[in-house]
Amino acid sequence: MRSCGILMHITSLPSPYGIGTFGSGAERFVDWLKSAGQQYWQVLPLGPTGFADSPYQAFSAFAGNPLLIDLDDLVQKALLTREDCLNADFGADPRFVDYEKVNRTKMSLLNEAYKHFSEDVGYLSFVKEEAAWLEDYALFMSIKESNNLQPFWLWDKELTNRNPEAMKKAAEEHVERVGFWKFVQYVFFDQWNRLRRYANRNGIKIIGDMPFYVSQDSSDLWTHPDLFQLKGAGNPAAVAGVPPDYFSATGQRWGNPLYDWHAMKKEDYVWWIARLKKATEMYDILRIDHFRAFDTYCSIPAEEPNAVNGKWMQGPGMDFWNEVKKQLGEVNIIAEDLGEVFDSVKQLLKDTGFPGMRVMQFGFNPKNEDNDHLPHNYVKNSVAYTGTHDNDTVMGWAKENRAATANAKKYCRASCLFSPLNKAMVKTLYASASKLVIVPMQDLLGLGSETRMNTPSTVGGNWKWRMTEKQLTPKLAGWLSSLGFVYCRRGG
């Protein structure tokens, strides 16, 4: 079945509280998606953001981001007052997230809500069911707070190394704050599950996004150091990234610790499979970022400043996915297979049967050379995009790539008056053979580079864009719905 969807992160939704949440704004967006004939809503990772506010650098591979919690729900439950929320400072510009203010204000309000919270059956059940990761995460965040948010390798050595006596003492000392962090996760998942049920009832499936790697400063690395390539507590021997590519001449040095796949195999990949199981409970479909690393991954010596000297190493391949199928059965995966793709990566995709990705912006080039990212080459078992969260918007890209844009305009039959480039590209995408097409909301709205979500290899200034309520119009929904009808992609 041919289908279509929108890429729009939760943080980008309209709300009166400085950042998009799981509240009424999210439900209105679901209603709009339904009216636009969409079947899918793709979001970015929902983990608790750490370094540079990136959803791909979370403090936990299992926990949720407190900043996405809906405050109105807490008011309805008498954990906060309306005045608490209305008088708080979340930042002045509704078009962009002021992370410093939002984080400070929202965490203060969540602490206030916790003061009025009483444990109930739902909470006790949640804590019991999620204990495998929740206990360590809550203690990790509590100790981190008491250490001025420093990374765990800068804590007292006994805690960094998880000395049993030190851990027992810390658990006793931080019992109140551990309770707070458990409460936050309970509220997060309660609200997320409610939003997902609302979406599903309205014919909208959620596509989640899983970073391949975990953050160096994460409860995962602190709790499971034996599963990573380290040369000391929290100290990677080598780090992740990609060699020079479309985005960067020196490659991308992400800095994430690398997995010790041999150690993971000995445990039947139990940590990874628990992670996948959690994700499949949260989402209808899961997009795995940097999927190619299951085949071959780039290993960069930790002391190197960039990825130029990175080397390709062998990943777990089909051995991993055979174990996943054995333990979890069939899973709905979208494989992000962008960048340098070896034949072995293509074979892994073929063996798993997962659809790969196609990105229209990558298809157009000054020399008009044919490639897999031009729509006439899309295969049915693929998911196609105008661009991803790492791309500039279509309109921003067009200003910076004049020659490629000239080819794109001819290919998509764009015209300034009747069919601007962004809509012409969406129309061409819908006409392609890909079974699923996804359009970033910025491209649908025809917005410029100032709304770009992320510029790879840069720190700061990313992940900030927000949509305003007035941009979500019935007219735009009608245009998308009619497009879906013409190209046999309409839902609802």
Side-chain angles (χ1 to χ4, degrees), residues 45-66 103 107 127 130-186 188-189 210-240 254-264 266-267 269-279 302:
L46 301 182
T49 51
F51 180 68
D53 309 305
S54 171
Y56 294 88
Q57 295 286 352
F59 289 130
S60 167
F62 294 84
N65 188 351
N103 187 69
M107 294 311 296
V127 169
E130 307 296 336
W133 64 268
L134 183 60
E135 294 292 338
D136 284 308
Y137 169 72
L139 183 57
F140 174 86
M141 293 304 297
S142 300
I143 299 173
K144 192 173 184 64
E145 277 185 316
S146 68
N147 281 272
N148 297 315
L149 301 181
Q150 288 189 104
F152 76 88
W153 55 88
L154 296 180
W155 300 349
D156 179 90
K157 184 179 179 181
E158 297 300 310
L159 285 174
T160 294
N161 294 315
R162 295 175 60 86
N163 175 277
E165 286 298 319
M167 291 288 288
K168 181 180 179 181
K169 182 180 178 182
E172 293 170 350
E173 291 176 348
H174 296 281
V175 64
E176 177 68 16
R177 297 309 295 165
V178 165
F180 166 75
W181 287 106
K182 289 180 180 179
F183 159 76
V184 167
Q185 289 306 304
Y186 170 59
F188 173 94
F189 283 102
M210 176 184 283
F212 183 82
Y213 291 110
V214 301
S215 172
Q216 182 181 358
D217 187 21
S218 67
S219 60
D220 310 286
L221 192 70
W222 181 58
T223 309
H224 303 285
D226 54 311
L227 299 181
F228 297 85
Q229 298 180 32
L230 305 177
K231 54 182 179 182
N235 187 17
V239 297
W254 300 331
N256 305 76
L258 299 173
Y259 299 115
D260 183 338
W261 286 112
H262 295 292
M264 287 191 163
K266 290 179 181 178
E267 297 184 355
Y269 308 106
V270 62
W271 179 88
W272 249 104
I273 289 177
R275 187 186 184 198
L276 283 172
K277 184 176 184 296
K278 181 65 177 175

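Only this structure's heavy atoms are used, side chains among them; waters, hydrogens and symmetry mates stay out.
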- Message: Taking A61's backbone N and O only, do any of them form a donor-acceptor pair with D220's side chain (distance below 3.5 Å, no angle check)?
- Response: yes
- Results of salt bridge (charged side-chain N to carboxylate O under 4.0 Å, His left out) for D217 - residues two or more places apart only: K144
- Message: Using the salt bridge (charged side-chain N to carboxylate O under 4.0 Å, His left out) criterion, which residues pair with E158? Sequence neighbours excluded.
- Response: none
- Those residues at least two apart in sequence (or on a different chain) that pass side-chain hydrogen bond (donor to acceptor under 3.5 Å, both in side chains) with D226 are none
- Query: Within the side chain of Q229, is there an N or O that forms a donor-acceptor pair under 3.5 Å with the backbone of Y259?
  - Reply: yes
- Query: Considering all heavy atoms of both residues, which atom of Q57 and which atom of W254 are nearest to each other, and what is their separation?
  - Reply: NE2-O, 3.8 Å
- State the CG-CH2 distance between N161 and W153, to the nearest 0.5 angstrom. 13.5 Å
- Between A279 and M210 the two heavy atoms that sit nearest each other are CB-CE, 3.7 Å
- Spell out, as yes or no, whether a donor-acceptor pair under 3.5 Å connects the side chain of Q185 to the backbone of G64. yes
- Taking side chain as C-beta onward, heavy atoms only, is F188 less than 4.5 Å from P48? no
- With sequence neighbours excluded, what pairs up with W133 under the side-chain hydrogen bond (donor to acceptor under 3.5 Å, both in side chains) test? E130
- Is there a donor-acceptor pair under 3.5 Å between the side chain of S142 and the backbone N or O of V178? yes
- Task: Answer yes or no: is there a side-chain heavy-atom contact under 4.5 Å between F152 and N147?
- Result: no
- So, do P236 and F228 sit near enough that their side-chain heavy atoms are less than 4.5 Å apart? no
- Query: For the residue pair F140 and W222, does the interplanar ring angle fall in the parallel (under 30°), tilted (30 to 60°) or perpendicular (over 60°) class?
  - Reply: tilted
- Do K169 and D156 pass the salt bridge (Lys or Arg N to Asp or Glu O under 4.0 Å) test, and can you show the C-alpha distance, the side-chain angles, and the key distance before you say yes or no? CA-CA 13 Å; K169 182 180 178 182; D156 179 90; over 6 Å; no
- Query: Taking the side chain as C-beta and beyond, is there a heavy-atom pair between W271 and V214 under 4.5 Å?
  - Reply: yes
- Message: Holding to side-chain hydrogen bond (donor to acceptor under 3.5 Å, both in side chains), I want the full list of residues that pass it with Q150, two or more places apart in sequence or in another chain.
- Response: none
- Task: Go through the structure and list residues passing salt bridge (charged side-chain N to carboxylate O under 4.0 Å, His left out) with K277, not counting sequence neighbours.
- Result: E281
- Item | Test ring-ring contact (aromatic ring centres under 6.0 Å, His included) applied to F212 and W272, step by step | CA-CA 10 Å; F212 183 82; W272 249 104; 5.6 Å; yes
- Item | Closest contact, heavy atoms only, G234 versus L221 | CA-CD2, 4.1 Å
- Task: Of all the heavy-atom pairs spanning P66 and W181, show the shortest one and how long it is.
- Result: CG-CZ3, 4.3 Å
- Note on the structure: What one should report as the nearest heavy-atom pair of H174 and S146 is CE1-OG, 3.4 Å
- Message: Just verifying a value: how many Å separate S218 OG and F62 CZ, rounded to the nearest 0.5 Å?
- Response: 10.5 Å
- Message: One pair to check against side chain to side chain contact (heavy atoms under 4.5 Å, CB included): K157 and N163. What are the steps and the verdict?
- Response: CA-CA 9 Å; K157 184 179 179 181; N163 175 277; over 6 Å; no
- Considering non-hydrogen atoms only, spot the tightest contact between D53 and T49 and give its length. O-CG2, 3.7 Å
- Would you indicate whether the side-chain heavy atoms of V184 and M141 approach each other to under 4.5 Å? no
